[in-house]
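The residues of the chain are indexed from 1 along the displayed sequence.
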Amino acid sequence: MRKFHRFLVFSIALLILYLVYRYSFPVDSEGHYLFLKPLESSGGDSGFLTLLKSDEMEDGGREPDPKRLVNLTDFHFRIGNDICKENGSYSELLGVIMVTSYVGNDALRAAHRQAISQQKLISMGLLRIFSLGEIPDRERFITQKALQSEQDLFGDLIQGSFQEAYRNLTYKHVMSLKWATEHCRRAKFVVKMDDDIVFDPFFVQNHLSDVGQGKDQGSLLAGFVFNNKKVIRLKANKWFVTREEFPRDVYPPYLSGWLYIANQRAARELVLQSETVPFFWIDDTYVTGILAGKAGIVLQSLNKWFSANSEFLDCCIRDMKRYSYQCDYYVGPNGGNSRLVMDFVQELERCYDNACYQRPSEKPLTKTCVAEYKNTVQQQQQHGTALVSMMRL
């Protein structure tokens, strides 16, 4: 009798296992179990892409068109870069820093490299890439051969097949996000910034680490938020926009392109939206305003990070040296002084290593800095304010 009971229990267990096996796993049209089929792979990250299609794609699985950049349908990289795929140690980055740079600003790019090396950034989980366009006809001081030599030496450039022009900045902006999401998509975050901006890479790394350890925030897009900016209709103004270009009188909320943070999901959604939303030449407004609005991405404010006064950053350097005071700001312009990029980061590193003190509340930087307070970021980037500054000879 005991043998019969054991046989009965064993038979029922086998039947249950068979039913679980038969009906709990997806099959294809031919009845093959999908989990038994190998991922289609041609090398690189294609297996990972297959997983992304089921786990992360929120738009029906549509992939960005590699030959499309906004309204350009024959886009390609004049200088490509597969650094994230070629080196396995870069495959799990905390963030990739995309620096939009004018093709002739080789001195500024050199300042960024001297301020903090690629090797140092990688040790922090970050990677820096400079985004360029093609050399314009008026340019006399840079050649394609020199750019290729720069890439051969540093390996940190990408160059798109569109000419450098003020009204082509949208292409460079979207190209930066496109490269980060297609060629370095295992990096958790994308930091987009301009090449004339000074920033605190150590603070940014700590912030990204904290955000990355938190709960899933969906599509993250954070930076200096502009609200209720009126469209300029004065033809003589640099920011003049026709109603054909933008019919509304007020721009949607958008982020300053000086520096902002996106996670991979948000960056990819912006790239996908750019393939269907009509081109607009003011890149910050288009990418982080119009495209973000179309994607339903809510902007997060980091306004307290920013100063529009480069002299404040000079004063930060002074006070870090004299009193070991922490700086009140983490992002600001270089004021036309590429040296400031190096001095700020190098003094910050010393300050972090030696545990600088929080600035006393009775000695705010705005009152102790011996420099003219020119204007805030809000004033400086309001699409219409004419800024005239003395040229340094």
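- For Ser301 and Asn303, the side-chain atoms include at least one donor-acceptor pair closer than 3.5 Å.
- Here salt bridge (charged side-chain N to carboxylate O under 4.0 Å, His left out) pairs that include residues 93-106, with residues two or more places apart or in two chains, number zero.
- In terms of hydrophobic clustering, with Ile, Leu, Val, Met, Phe, Trp and Tyr side chains grouped at heavy-atom distances under 4.5 Å, Val241 and Tyr166 are assigned to a common cluster.
- With contacts defined as side-chain heavy-atom distances shorter than 4.5 Å, the pair Ile97/Phe199 qualifies.
- Glu164 has its side chain out of reach of Glu134: every pair of non-hydrogen atoms, C-beta onward, lies at least 4.5 Å apart.
- Counting heavy atoms from C-beta outward, Leu340 and Ile317 have side chains that approach closer than 4.5 Å.
- Side-chain contact, Arg109 with Ser101: a donor N or O sits under 3.5 Å from an acceptor N or O.
- Remark: Cys351 SG to Cys327 SG, distance not under 2.5 Å.
- Between Arg268 and Glu182 there is no salt bridge, since no side-chain N of the basic residue sits under 4.0 Å from a carboxylate O of the acidic one.
- If you chain together hydrophobic residues whose side chains sit under 4.5 Å apart, Met342 and Phe203 never meet in one group.
- Counting only residues at least two apart or in different chains, ring-ring contact (aromatic ring centres under 6.0 Å, His included) contacts with residues 112-162 comprise Phe162-Tyr171.
- Residues Ile83 and Leu127 meet the side-chain proximity criterion, which asks for heavy atoms closer than 4.5 Å.
- Applying the salt bridge (charged side-chain N to carboxylate O under 4.0 Å, His left out) test to pairs two or more places apart or on separate chains, none has a residue in residues 137-146.
- Using a 4.5 Å cut-off on side-chain heavy atoms (C-beta onward), Val250 and Arg248 make no contact.
- Residue pairs meeting the side chain to side chain donor-acceptor pair (under 3.5 Å) criterion with at least one partner in residues 197-210, sequence neighbours excluded, are Asp200-Tyr352.
- Classification of the Phe224-Phe226 ring pair by plane angle, with boundaries at 30° and 60°, yields tilted.
- Hydrophobic clustering places Leu177 together with Ile290 (ILVMFWY residues linked when any side-chain heavy atoms are closer than 4.5 Å, directly or through intermediates).
- With sequence neighbours excluded, the residues satisfying side chain to side chain contact (heavy atoms under 4.5 Å, CB included) with Gln273 are Thr276, Val277, Leu291, Lys294, Ala295.
- Applying the side chain to side chain contact (heavy atoms under 4.5 Å, CB included) test to Ser176 and every residue at least two apart in sequence or in another chain returns Met98, Thr100, Ser131.
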